[in-house]
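Report on one structure; see the data block that follows.
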Amino acid sequence: AEVMDGTRLLFVLFGGLLEVYCGVSANRGGSPSFTDEIPFKINWPGAEFTLPTSGALYKEDDFVIMTTTEKEKYKCLLPSLSNGDGDDDKVYAGPTPGDLLDPLFKQNSCSYRIESYWTYEVCHGKHVRQYHEEKETGQIKVQEYVLGSMTKSTESSRQKYKCQLTPYYPVLMAHGTACVLKQNTPRSTNVLYVCHPEAKNEILSIAEVTTCEYEVVVLTPLICAHPKYRFKSSPVNAIFCQAMSGSPLRPHSLSQMDREQELLKPTFTAAEESTSPVREEAFSSTHKPLVVGGQTQVTVGTTHISRLTDEQLIKEFLSGSYCLHGGVGWWKYEFCYGKHVHQYHEDKEQGKNIVVVGSWNAEEHLQWAQKNVARSYQFKDDGVQKVKLVSLFYGHGDVCDLTGKPRQVIVKLKCKESESPHAVTVYMLEPQTCQYVLGVESPVICQILDTADEKGLLSISS
């Protein structure tokens with residue numbers, strides 16, 4: 001998530017409209033600083049209005065004075081911090097997330113995800129395995145790799161992972177099958193348990209984050225009983241700006257800007273709508289946003305992309321002129337190949353708020369690809385080797401308030417068969433603060449993965 005603190009939000013929103021803003025009330029000095037996890041919205045009430053009695057709290061002496069370049073003055077009341085339903089402020093004395101998962105670990109329960117070649121097995125609290133079975137002369141031949149297993153040392157270390165900035169609960173599975181590509185270092189897997197009330201401990205995704213180091217996301221209802229992990233509301237905290245000294249209700253330049261934007265909006269007649277090419281995206285979400293601890297860290301959504309011809313769509317996608325969108329809830333995601341990854345929120349009143357998660361730089365990606373696997377293979381049933389996954393590095397995103405460093409994201413493009421040939425699934429993970437993994441899965445991608453070179457760069461097949 002990306003939101004600036006209250007005073008910076010006001011300054012950026014007004015942009016060129018503002019000449020200066022006056023100091024914050026002296027009584028605000030002891031208040032905690034705003035974080036980038038909480039969305040805000042500016043309201044313009046009249047002189048007579050009543051502060052809301054629910055949600056964020058307000059104090060009459062907690063304000064800033066904003067002055068526009070046209071000398072219009074506004075007194076803006078700032079809300080006290082709120083990041084959900086208030087459970088975080090209560091003392092929690094219940095079981096830890098590890099305790100909540102113990103019944104699952106003790107009942108010898110396993111979850112499976114079947115890919116085109118490999119089958120992935122997560123036996124909770126025990127091991128993670130990938131295997132492939134083939135029948136030869138009446139016998140079953142099994143090819144398998146243990147991606148990690150639970151030992152006493154990893155089991156006792158689970159608590160140190162509890163409730164970091166990420167809203168999932170990680171369980172480390174180490175001591176897997178030796179990895180030839182890493183001097184026979186044992187494979188290892190982080191199993192990330194994410195709250196989802198309707199889930200049945202199923203595997204959401206499996207990714208090879210670095211060579212022979214894996215990440216498995218498991219949806220479970222068990223840790224939803226813990227307040228740090230359950231679904232929470234993500235309230236939009238209002239900032240109330242009241243006109244002062246005869247100033248208009250809203251700044252004149254802001255009202256003028258709104259009118260100009262309305263005039264710029266395209267209008268279509270019924271005839272034009274029926275003959276214009278179909279470029280709109282029918283957003284039909286198949287997953288709810290996974291909001292835990294007030295943060296949207298894992299967001300999954302399936303949409304349907306434009307009904308262009310496959311050849312035209314692929315050309316436009318690889319040129320960066322056709323972008324893929326996804327995500328549900330407050331934040332949506334835009335991936336433009338060879339250009340950028342954006343996180344954005346659209347508001348009818350405030351417009352589009354964009355956060356640059358990562359920008360493309362070919363040289364930086366090539367440097368990244370020298371140290372990481374950019375192209376992964378799988379064998380089809382007919383023995384043909386096919387590219388199953390391409391990973392691309394996008395750096396130089398917007399600076400993260402929490403780390404002081406630019407955001408960066410690894411985009412994982414994966415072939416995913418579907419009854420709908422133009423469906424696309426997008427999910428976002430944040431394994432480390434402001435370092436993301438954007439998964440993009442679609443049947444359209446199946447047609448271009450095999451054009452990837454060893455560095456993961458795609459091209460139009462001849």
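- Using a 30° and 60° split on the angle between ring planes, His342 and His340 fall in the parallel class, below 30°.
- Smallest separation of non-hydrogen atoms from Cys241 and Pro45: O-CD, 3.5 Å.
- Taking the side chain to side chain contact (heavy atoms under 4.5 Å, CB included) definition, one finds that Lys352 meets it with Tyr344, Glu346, Ile354, sequence neighbours left out.
- Between Tyr92 and His226, the ring planes are tilted. Angles from 30° to 60° get that label.
- Atom-to-atom distance recorded for Lys41:NZ and Asn353:CG is 13.5 Å, nearest 0.5 angstrom.
- A side-chain contact (heavy atoms from CB on, under 4.5 Å) with Ser111 holds for exactly one of Leu219, Asn201, Val191, Thr220; it is Asn201.
- Judged purely by atom type and a 3.5 angstrom limit, Ser319 uses its side chain to pair as donor or acceptor with the backbone of Lys315.
- The minimum heavy-atom distance between Thr189 and Leu147, with the atom names listed, is OG1-O, 2.9 Å.
- When only modelled atom types and interatomic distance are considered, Thr96 and Asp99 share a side-chain donor-acceptor pair under 3.5 Å.
- Here Phe393 contributes atom CZ and Lys455 contributes atom NZ; the two are 14.5 Å apart, rounded to the nearest 0.5 Å.
- Taken from CD in Gln408 to NE2 in His396, the straight-line distance is 9.5 Å, to the nearest 0.5 Å.
- The aromatic rings of Tyr337 and Phe317 are tilted relative to each other, their planes meeting at an angle between 30° and 60°.
- With contacts defined as side-chain heavy-atom distances shorter than 4.5 Å, the pair Tyr333/Val409 does not qualify.
- Cys415 approaches Leu449 most closely through the heavy-atom pair N-CD1, 3.5 Å.
- Nearest heavy-atom pair, Gly320 versus Cys323, reported as atom, atom and distance to 0.1 Å: O-SG, 3.9 Å.
- Taking SG of Cys336 as the reference point, atom OH of Tyr394 lies at 8.5 Å (rounded to 0.5 Å).
- For the pair Gly456 and Val390, the tightest heavy-atom approach, listed with the atom from each and the gap, is O-CG1, 3.1 Å.
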Worked check of side-chain contact (heavy atoms from CB on, under 4.5 Å) between Arg407 and Val355: CA-CA 10 Å; Arg407 289 168 164 78; Val355 179; 4.0 Å; yes
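- In this structure, Leu392 and His365 have side chains that are in contact, with non-hydrogen atoms separated by less than 4.5 Å.
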Test log, rule ring-ring contact (aromatic ring centres under 6.0 Å, His included), inputs His124 and Tyr193: CA-CA 10 Å; His124 303 282; Tyr193 289 91; 5.7 Å; yes
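- The salt bridge (charged side-chain N to carboxylate O under 4.0 Å, His left out) pairs that include a residue from residues 361-377 number zero, where partners must be two or more places apart or lie in different chains.
- A distance-only check finds a donor-acceptor pair linking the side chain of Ser247 to the backbone of Lys73 [under 3.5 Å].
- Listed by chain and residue number, Phe49, Tyr58 satisfy the ring pair (Phe, Tyr, Trp, His ring centres under 6.0 Å) test with Phe240 (two or more places apart in sequence, or in another chain).
- Using cut-offs of 30° and 60° on the angle between ring planes, the pair Tyr169 and Tyr229 is perpendicular.
- Going from atom CG of Asn43 over to atom SG of Cys76 covers 10.5 Å, rounded to the nearest 0.5 Å.
- Residue Lys405 places its NZ atom among 12 or fewer non-hydrogen atoms of other residues, nucleotides or ligands, all under 6.0 Å distant.
- Closest approach of Arg250 and Tyr74 over heavy atoms only: C-OH, 3.1 Å.
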